[in-house]
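Comments concern the structure below.
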Amino acid sequence: MTDTETPRAETSYESVDAVLDSLDDEGLDGYSYAYLDEHTKREVRRSILKAVAIPGHQVPYASRPMPLARGWGTGGIQASLSILGPTDTFKVIDQGSDESVNAANIRRLARDTAAVETTTDTTDADVIQTRHRIPEEALSEDQILVLQVPVTDALRKVDPSDAANRRRHAHKNYGKMWVHLYENVVEWGEINIASRYPTMVAGRYLMDPSPIPRWDVPKLDDADNLFVFAAGREARLYAVPPNTDVEPLAFEDREFQVERFGDATCQFCGSDDTYLVEIEGDDGETRYVCNDTSFCEKRQDDPELAKDHHRERDVSWGPGTPSEGADATGGDGT
């Protein structure tokens, strides 16, 4: 340090929380409500409206830089922040968990910049942002589910050319995907696509449902809520409006099947009608647990709790309990 430099004040903090508390709201000065500028949010909302009007169709939008790398959910964050209002409650899921670093940081960004309430309870949320899972609990017409999407076009499995795939969508020419499914059956004896299962929306557009497991695909069909799929890296979004027909592609003699877990049940709540994942204990034993941590906690308090417990009417939401004697598959669905 030279004689003309002013010595910096040294401040010691005992924890990271103390540092964050010392900042108060000064770091948010100069930012628009919900981080994004109003022009950007209007543009995203207009794109969402177009996507709702043409279910399953990929709509381009001007994806903006966000305070995280593209590919880590920037599209979902832009869609969520554009939709959120001051009275909304926000929930974020990352691979079924509310407590991952990604989910916690996105919640904090929304809470700090949009002043919204956040929750880990699916039934309390107005807007839910999720990475690769749809909650086990049935959603209502008042809720919006925003999915982070790494790859927007289901046809990219069979052809890397986006220009050629756009022509296929325009002409509803999905023969190449049917050939891919046929080759899958010839090689494996069944369609063994574990995630990103190709689905037809409203009988018109072939859609990539994001890398959700097959277990979640039936939840898209005739749901009461709005689904918004957003990809920041590809600057595309698409939507499935409420009460829309969504049908997974399959053959008459090779029907669509969700993952089956045989006699396995959740180690914590005992559920046998939820999507389970494998974990390995310290003793080397493999066990199963619910992927949806929020619903698992509720089932621990009430093992008989139904997926539509908060609804006024019964709904058929996702796969039921596997039938006795059904073939078991691993957690990856293959």
Side-chain angles (χ1 to χ4, degrees), residues 40-41 43-64 66 70-84 90-96 102-103 106 125-135 139 143-157 162 165-166 169 174 177 193 195-249 318:
T40 295
K41 287 183 288 190
E43 196 267 343
V44 173
R45 288 194 290 265
R46 283 195 296 266
S47 298
I48 292 175
L49 289 174
K50 182 176 180 180
V52 170
I54 314 175
H57 173 62
Q58 298 171 51
V59 179
Y61 75 103
S63 179
R64 299 298 199 268
M66 295 296 293
R70 293 183 188 274
W72 288 84
T74 57
I77 294 174
Q78 291 178 72
S80 297
L81 294 178
S82 299
I83 294 170
L84 282 172
F90 190 43
K91 171 183 169 74
V92 186
I93 314 167
D94 188 355
Q95 295 285 15
N102 198 36
I106 294 173
D126 299 297
V127 179
I128 304 171
Q129 181 177 328
T130 177
R131 176 174 176 259
H132 310 341
R133 276 310 313 276
I134 297 177
L139 304 183
Q143 294 177 296
I144 300 174
L145 188 69
V146 178
L147 289 99
Q148 300 171 203
V149 179
V151 180
T152 57
D153 199 337
L155 289 174
R156 209 171 295 167
K157 285 177 178 285
D162 285 338
N165 290 334
R166 290 192 189 102
H169 284 297
Y174 299 131
M177 178 58 76
I193 299 174
S195 64
R196 293 183 57 207
Y197 197 97
T199 57
M200 186 68 71
V201 180
R204 176 56 182 88
Y205 284 102
L206 187 69
M207 183 188 77
D208 188 317
S210 94
I212 59 175
R214 293 198 308 260
W215 184 276
D216 289 341
V217 172
K219 302 175 186 179
L220 296 167
D221 181 49
D222 195 30
D224 290 336
N225 64 289
L226 168 65
F227 295 94
V228 176
F229 302 79
R233 182 169 45 192
E234 297 191 17
R236 292 285 189 276
L237 58 82
Y238 47 101
V240 175
N243 307 118
T244 299
D245 291 333
V246 179
E247 182 180 3
L249 297 187

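Predicted model, so just to flag it, every value in this text is computed and none were measured.
Under a cut-off of 6.0 angstrom, the local environment of CD in Glu247 is sparse, with at most 12 non-hydrogen atoms contributed by other residues, nucleotides or ligands.
The CG atom of Asp208 sits 4.0 Å away from atom CZ of Arg196, with the distance rounded to the nearest 0.5 Å. Rounded to the nearest 0.5 Å, atoms CD1 (Ile83) and CD1 (Ile48) are 4.0 Å apart. With rounding to the nearest 0.5 Å, the separation of CG in Leu139 from CG in Asp224 is 9.0 Å. Between Leu147 atom CG and Ile93 atom CD1 the span is 9.0 Å, to the nearest 0.5 Å. The CG atom of Leu145 sits 9.0 Å away from the CG atom of Leu226 when rounded to the nearest 0.5 Å. Note that the CZ atom of Arg133 and the CG atom of Asp216 stand 4.0 Å from one another [nearest 0.5 Å].
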Assess the residue pair Thr74 and Arg233 against the criterion (side-chain contact (heavy atoms from CB on, under 4.5 Å)); give the C-alpha distance rounded to whole Å, side-chain angles, the decisive distance to 0.1 Å, and a yes or no. CA-CA 7 Å; Thr74 57; Arg233 182 169 45 192; 5.6 Å; no
Go through it in stages, so that I can follow the logic: the residues are Val146 and Ile128, the test is side-chain contact (heavy atoms from CB on, under 4.5 Å), and I'd like the CA-CA distance, side-chain angles, deciding distance and then a yes or no. CA-CA 6 Å; Val146 178; Ile128 304 171; over 6 Å; no
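Partners of His169 under the ring pair (Phe, Tyr, Trp, His ring centres under 6.0 Å) rule, at least two apart in sequence or in another chain, are Tyr174. Legend: residues meeting ring pair (Phe, Tyr, Trp, His ring centres under 6.0 Å) with Tyr61, ordered by chain and number and at least two apart, are absent. When the side-chain hydrogen bond (donor to acceptor under 3.5 Å, both in side chains) test is applied to Arg64, the partners found at least two apart in sequence or on another chain are Thr40. Listed by chain and number, the residues in a salt bridge (Lys or Arg N to Asp or Glu O under 4.0 Å) with Arg131 are Asp94 (sequence neighbours excluded). Applying the salt bridge (Lys or Arg N to Asp or Glu O under 4.0 Å) rule to Glu43 yields no partners; only residues at least two apart in sequence or on another chain are considered. Residues passing the side-chain hydrogen bond (donor to acceptor under 3.5 Å, both in side chains) test with Ser82: none are found, sequence neighbours excluded.
Looking only at distances, no side-chain donor or acceptor of Ser195 sits under 3.5 Å from a matching main-chain atom of Pro211. The closest donor-acceptor contact from the side chain of Lys219 to the backbone of Pro135 lies under 3.5 Å. Side-chain atoms of Tyr197 do not come within 3.5 Å of backbone N or O of Ile212 as any donor-acceptor pair.
At a threshold of 4.5 Å between non-hydrogen side-chain atoms, the residues Pro55 and Met207 do not count as touching. Side-chain contact check for Val92 versus Thr130: every heavy-atom pair is 4.5 Å or farther apart. Annotation: side chain of Lys157 is in contact with side chain of Ile193 (closest heavy-atom distance under 4.5 Å). Within the 4.5 Å cutoff, side-chain heavy atoms of Gln129 are placed close to those of Ile77.
Summarising the geometry of Ala62 relative to Gln78, their closest heavy-atom pair is O-OE1, 4.2 Å, with the distance given to 0.1 Å. Annotation for Val149 and Phe229: closest pair CG2-CB, 3.5 Å, computed over non-hydrogen atoms. Taking each heavy atom of Gln143 and Asn225 in turn, the nearest pair found is O-CB, 3.2 Å. Across all non-hydrogen atoms, the minimal contact from Val201 to Thr244 is CG1-CG2, 4.0 Å. Contact detail for Pro198 and Ala154: the closest heavy-atom pair is CB-CB, 4.5 Å.
Results of the side chain to side chain donor-acceptor pair (under 3.5 Å) test with Gln58 over Asp162, Asn165, Thr152 single out Thr152 as the only residue that passes.
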